[in-house]
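The next block holds one structure in the form of C-alpha cells; read it before the comments.
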Amino acid sequence: MKKLIEVSEAIDFIKDGDTLLVGGFGMSGTPLTLIDAIAASDKKDLTVVSNNLGEVGRGLGKLLDAGCLKKAKGSYFTTNREAVRAWSEGELEIELIPQGTLAEAVRCGGAGIAGFYTKTAAGTQLAEGKEEKEFDGETYILERAIRGDVSIIKGLKADTFGNIVYDHTARNFNVAMATASDLVIAEVDEIVEVGEIPPKDVVTPHLFIDYVVLNKYVKKGGVYVEQ
Amino acid sequence: MNNELRVKVAKRVAEELNDGDIINLGVGIPTLIPDYLGDKKVYLHSENGLLGMGPTPPEDEINMDLISASKKPITMDIGASLFDSSDSFVMIRGGHIDMAVLGALQIDETGEIANWAIPGKTILGVGGAMDLVAGAKKIIIASSHQAKDGSPKFVKKLTFPSSGARKVDMLVTEHAVFKFKDGGCELVEILSDISVEELRDITDANFTVNQESMNL
C-alpha cells in the first residue's frame, strides 16, 4: 500500500510554524499515535486547530506540555487546566470559536469557500472585530474559512486506497478536517484490502487522504491504552 | 440547589416536551429530564454527532468512542443515527432541533441569556452554547432562581457576557415558570409556596403576572 507510511515519516511533513488541524472531540477520535510522535520531536511554534486541547498530559495536552504550541484555536479549553494556566501566563495564544462555527469554517476550508455569514455569536464578545450584515431582518457575522498545512485525523479502519470508516461518535471533526489541509494523514486501528469496506459504509473517500499510519494504541475496556 | 429541587425543575420542563420532539439538552439540570418523560418519546440530539442518545451503558459495554457532549459513555436508542460535527451543527444552526433545554448564568427580562462566561474569570470555553441559542426552534432555560451567593440570576439587564441576541422562550426555576414574549416577561405559574411579592423580592427582572394561568 503506497499510502501506508511509518509514523516517523508522517511527522516529517510537519514543519515548525505550521497550522495543524487535529480531529477529535475530547479524547474520542483523536490521533494519539501521531500526537505522541510530534510531542517527542523538536517541532515548535505550531498552531493547532481542534475542538479541545485534550486533557492534562493526554492527547493534545502532550503537545502543550512538550512546548510545541504557539496557538490553539477551538471551542472548549477549560477541560485542560494546563491550557488555562499556559494562556494566563502568556505561553499560549488561544482563539475561542463557537463549536458550530469551527465545524463550518473547516468544512468551508475544504470546500473552496472563503467564508460564510452566521447568526451564531452575533452581538456577543466573540463577534468583536467581525463584519456584521443584515439578511431578512436578522444580524449575521462574517466568519472566514479555516485551512491547515497538515491535517491529522483518526479513523477506525482504512482500506489500501485510503477510504476511511469511523467508530460511532469518533467522526466528529475528522470528516471536515480530512478535507481542509494541503496534506492529510489518517491514523487508523486497522488496514484492510481495498474492496473489504462496502462503498456504502465509506465516510471519507480516499481522494482526501494522502497518507495512512497505524495506531499503536489498542482498545481495552472501551478506552485506548498503550500496548 | 439540592437534588430534590433540581428534579422538580426537570419534571416541570419535561411537561413542555412533546411526543416526537428532537431535543438537545445542555449540562446540569437538563440532563435529568429523560427520567421524567413518562410515556412521551423524544429523540435526544448530542452535538458531537448522534441523534437518538440512550442511557449510560453497563461497565462492560462502555466504548469511549460512543460518548455524549459531556464526554460520558452513552448508548444508542433504536433508530439512532451518527454524523459528523458539520452535519450536527447544520441541525442546530439550521433550525432542525425542536427544543434546546439549557442552563444559564443570567437571564434578562427580555429573554436574552448569558451561559458561557463570567466577567473577570478566564473565558476559554464556549462549546456549542451560542450555536444552540442562535438556532434551536424553541429554548427553555432550566435554572436555580438565584446564584449560589443568593444574588438574582433573573435580571433587568445582563452583566455577564451575552450568548447571543436571540431571546429564549421560557424560564423554569424551583419557584416559578416565566414566559418571554415581545421583549417582555410574564409569570405564568408558581411552583413553590412563595408569594408573588416574595418572588419579586428575590428577582431583579420586571415581570407581569398572567392572572388567568395563575388562577388569581
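Note on naming: letters A, B, ... go to the chains in the order of the sequence lines (proteins, then strands), and numbering restarts at 1 for each one.
- Between the CZ atom in B:Arg93 and the CD atom in A:Gln99 there is a gap of 10.5 Å [rounded to 0.5 Å].
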> Could you go step by step and tell me if B:Asp131 and A:Thr120 meet the side-chain hydrogen bond (donor to acceptor under 3.5 Å, both in side chains) rule?
Replying inline: CA-CA 5 Å; B:Asp131 303 283; A:Thr120 300; 3.2 Å; yes

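- Atom-to-atom distance recorded for A:Ser28:OG and B:Asn63:CG is 7.5 Å, nearest 0.5 angstrom.
- Atom NZ of B:Lys157 has 12 or fewer neighbouring heavy atoms from other residues, nucleotides or ligands inside a 6.0 Å radius.
- In this structure, the separation between CG on A:Leu102 and CZ on B:Phe89 is 9.0 Å, given to the nearest 0.5 Å.
- Ranked by non-hydrogen atom pairs under 4.5 Å with chain A, the options B:Leu50, B:Val90, B:Leu66 are led by B:Leu66.
- Residue A:Tyr166: no heavy atom, backbone or side chain, is found under 4.5 Å from chain B.
- Heavy atoms closer than 4.5 Å to chain B are found in the side chain of A:Asn52, but not in its backbone.
- Contacts between A:Ile97 and chain B at a heavy-atom distance below 4.5 Å involve the backbone alone (N, CA, C, O).
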>> Between A:Tyr224 and B:Asp65, is the side chain to side chain contact (heavy atoms under 4.5 Å, CB included) condition met? List the steps.
In response: CA-CA 10 Å; A:Tyr224 282 110; B:Asp65 287 313; 3.4 Å; yes

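- Interface remark: A:Thr101 contributes backbone and side-chain atoms alike to the contact with chain B (heavy atom separation under 4.5 Å).
- Heavy atoms of other residues, nucleotides or ligands lying less than 6.0 angstrom from NZ of B:Lys181 number 12 at most.
- Within a 6.0 Å radius of CZ in A:Arg85, more than 12 heavy atoms belonging to other residues, nucleotides or ligands are found.
- Residue A:Asp136 qualifies as open at atom CG: its count of foreign heavy atoms under 6.0 Å is 12 or below.
- Surrounding CD of A:Glu89 are more than 12 heavy atoms belonging to other residues, nucleotides or ligands, all under 6.0 Å away.
- The two residues A:Tyr76 and B:Val126 have their closest heavy-atom pair at CD1-N, 3.8 Å.
- The candidate with the highest count of non-hydrogen atom pairs below 4.5 Å against chain A, out of B:Ala129, B:Ala117, B:Ser68, B:Ala69, is B:Ala69.
- Interface remark: B:Ser163 contributes backbone atoms only to the contact with chain A (heavy atom separation under 4.5 Å).
- Note: A:Glu55 CD to B:Lys71 NZ = 8.0 Å, rounded to the nearest 0.5 Å.
- For a residue to count as touching a neighbouring chain, one of its non-hydrogen atoms must lie under 4.5 Å from one of that chain's; by this rule B:Ser46 does not touch chain A.
- At a 4.5 Å heavy-atom cutoff, the contact between B:Glu47 and chain A is made by backbone and side-chain atoms alike.
- A donor-acceptor pair under 3.5 Å is absent between the side-chain atoms of B:Ser86 and the main chain of A:Glu104, judged by distance alone.
- Note that the CD1 atom of B:Ile74 and the OG1 atom of A:Thr169 stand 6.0 Å from one another [nearest 0.5 Å].
- Contacts between B:Leu82 and chain A at a heavy-atom distance below 4.5 Å involve backbone atoms as well as side-chain atoms.
- A:Trp87 is listed as a side-chain neighbour of B:Leu124, based on a closest heavy-atom distance under 4.5 Å.
- Among the candidates A:Val84, A:Thr78, A:Leu96, the residue making the largest number of heavy-atom pairs closer than 4.5 Å to chain B is A:Leu96.
- With a threshold of 4.5 angstrom between heavy atoms, A:Ala122 approaches chain B through N, CA, C or O but not through any side-chain atom.
- Looking only at heavy-atom pairs under 4.5 Å with chain A, the residue among B:Ser162, B:Ala114, B:Ser85, B:Gly49 that has the most is B:Ser85.
- For A:Arg107 and B:Asp84, the salt-bridge test fails: no basic side-chain N is under 4.0 Å from an acidic carboxylate O.
- Other residues, nucleotides and ligands contribute over 12 non-hydrogen atoms within 6.0 Å of the NZ atom of B:Lys40.
- More than 12 heavy atoms of other residues, nucleotides or ligands lie within 6.0 Å of NZ in A:Lys216, so this atom counts as buried by the packing criterion.
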